Amino acid sequence: MIESYLAWARGPLFVFSFSVLILGIVRLIVLTDISVVRLIYEASDKKLPVKALIAATLKWLFPFKQVPGQPKNRPWYSIVSILFHIGLILTPVFLGAHILLWKSGIGISWAAMPNNVEDVLALFTIAVGLVLIFGRVVNVFSRSLSKFQDFSLPPLLLVPFISGFLAMHPALDPVSYNLMMLFHVLSADLIFILIPFTKMSHFVLLPTSQLISELGWHFPADMGEKVAVALHKETERI
Amino acid sequence: MKSPYSYYVEPFELKDRARRFLDAFAAIIRHSNYGPVLDAYARMTAKCSRCSAACPIYLTTENVKDVPCWRSELVLRVYRRYFTLSGMLRTRLWGDFTLTDDYIDRLAEELYHCTACRRCKFFCPMGIDHGMITHIGRWTLAEIGIVPKALVVATREQLEGKTHNTSAIPLPALQDTCEFLEGEIMEKYNQPVKFPIDLEGAEMVFFPAVSDYLLEPETLMGNAAVMHATGGSWTIGSHYYDGIDYGLFYSDRMWGRIVKMEAAEVARLKARVVLIGECGHASRSAKVGIPNFLGPDAPPVINIMEYTLKMLEKGKLKLRPDTIKDRVTYHDPCNIARSGWIVDQPRDILKAICSDFVDMTPNGPLNYCCGGGSGTVSIDEIRKWRTGAGGKVKARQLKETGAKYVVAPCANCKKQLREVIEDNGLEGVEVVGLHDLVLKAIDFGTPQNKEGKEEK
């Protein structure tokens, strides 16, 4: 019974969710690029501070110590968040078992990391993830800013890590291997589907965010008149 | 009608507000470049609350309503609900919030609790410009008639009034003031400094904050004296002589109309350059607005501090070192410092004339807003909020420097800082313009009038 569910989750469901992920990312990239091109085309002043934009984009990959001595800067939150991202990306991509699946599935493979590194990295990601969730919940301002998405996504991201780790360590596994794997695969499938539609899509949008922010201040010369016409205010006195 | 907000408003249409708000929002999104920006922001906000550390208002009030991200969410929520596919789907499937009159009132109040200083942009890992969101939200509100009365009345006089300036100074009064200032300089410094009016073919047309003619004679005398000492080719235009642009604070439609008047005056006088006086928002409104609203043929925009430093470096302007013995600090107006445009120029000038210059921390592009940014300084009825929530952090900064003079090359910052100093009990700190001090230090090369050198 569980075997057939598992086969379905890692077979058709995986293909579906991974396709959603890839197509969703491609859609976002295409939409963003169209936006950027359109914004530049529409902008009356096309001179952009290119160097400053590149610098800002690169700098924000490491969002700590931006402002030395700034109160309430929460540097630990930033550092933990970076570590979480590192674990989040490296672990699934360079995990030996995953690479084997890729190889048997579509015949491509790449270097895997050693088993004990995998274990450490998985535990590490779980730990920093928990710290991050804790940071959001205990900080009254983070908490009051946060919506359902902000609370629910980090725990969801940890599910495949925890279930994957337990499945690999039968001695610790409270349920059967197959059931644990089912949790693992289903949660991963769900994440793939959600990425393009939630704030997790920020990894696609981040490279252009500084540019887009700048382009907001470069606008069509006649936008005021056009807005006036659209609102029937051409002749209205102030 | 009693104002429902902490600031006065003129009577506005109450019928169908939500629909008209959305119509205006839709028109703005469609015709500006803000749409894709909002779209990216609506997807990306991570709610990490790092921006709270950036906001001087939040640092004082510690109220979640003053976290930049929280405020931006008010606008982004409307965008998500009415302008994205997922928002529409969500509403059909299980309902979502609806834009109500109460929500609009909340927006109207909260968006004027942000001084749009844009400091938080530097703290956002996602690069979100919360100041821009405030800017868009305020424009939308303005299209349904919700604007602080102080801003709209001044703009009305500037665009449709007889005097064409925000302080309603008629031309004869301006001419009188200029003559009086010329006399003052003659008396104090024995120099035939001129305020040329309508000098056709001059290189630069001068647009200070027009209130300087009423409130900051020393700054203007300093500006003119620098021009005189360096042989600068400049003029004041009699048809239009105001740099102030409240459009930047509440409506891009007005912003465009105002900068077009500046450019028209430059063209009328066959000049080449827009020269902005000591004013932060006037500088930014022209620097960003003129190339955008006028297109590729727009005249270049410079700030007078850039000019003064260039002349100092070229050796055309001679300043006597150590003229100012008291401790001096410099307040960066957000509108010129945030982009990194004018940060070092005034400091270089000050270091050339002051023996004791100290900087505040933080400064430059990361400075704290004076608390009166984005036009809030002109709204007198919110002074308590401005100098309290808005100005406490700045007051602390000023106190820490122990400076006698705080140089603020911005008409709005000057007014606000004076009120901050008064309301926060910082006695003995004097707010001056940069050229007030420059004036005292210019070496005109001719013998000085001894009596005139006495400082007041």
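So that the names make sense, note that chain A is the first sequence line, chain B the second, and so on, each numbered from 1. Since the model is a prediction, treat every value here as computed from it, not as a measurement.
Looking at B:C51, neither its backbone nor its side chain comes within 4.5 Å of chain A, counting heavy atoms on both sides. Within the 4.5 angstrom heavy-atom criterion, no atom of B:S86 approaches chain A. With a 4.5 Å cut-off on non-hydrogen atoms, B:R284 touches chain A through its side chain but not through its backbone. Heavy atoms closer than 4.5 Å to chain B are found in the side chain of A:Y77, but not in its backbone. Using a 4.5 Å cut-off between heavy atoms, A:L132 makes no contact with chain B at all. In this structure, the portion of B:V67 lying under 4.5 Å from any heavy atom of chain A is its side chain and not its backbone. Residue A:K233 touches chain B through both its backbone and its side chain, counting heavy-atom pairs closer than 4.5 Å.
Checked by atom type and distance alone, the side chain of B:S251 never pairs as donor or acceptor with a backbone atom of B:A142 at under 3.5 Å. With hydrogens and angles disregarded, no donor-acceptor distance shorter than 3.5 Å links the side chain of B:R43 to the backbone of A:H202.
Side-chain contact, B:D129 with A:W217: a donor N or O sits under 3.5 Å from an acceptor N or O. Side-chain N/O atoms of B:H135 and B:Y34 include a donor and acceptor closer than 3.5 Å. In the model, B:S285 has no side-chain atom that pairs as donor or acceptor with a side-chain atom of B:Y246 under 3.5 Å. A side-chain donor from one of B:Y79 and B:D39 sits under 3.5 Å from a side-chain acceptor of the other.
Evaluation of the ring pair (Phe, Tyr, Trp, His ring centres under 6.0 Å) rule for A:F14 yields A:F18 as partners, not counting sequence neighbours.
With respect to the salt-bridge test (charged N to carboxylate O, under 4.0 angstrom), the residues B:D16 and B:R20 do not qualify.
Within residues 146-158 of chain A, the residues having any heavy atom under 4.5 Å from a heavy atom of chain B are, by residue number, A:S146, A:K147, A:D150.
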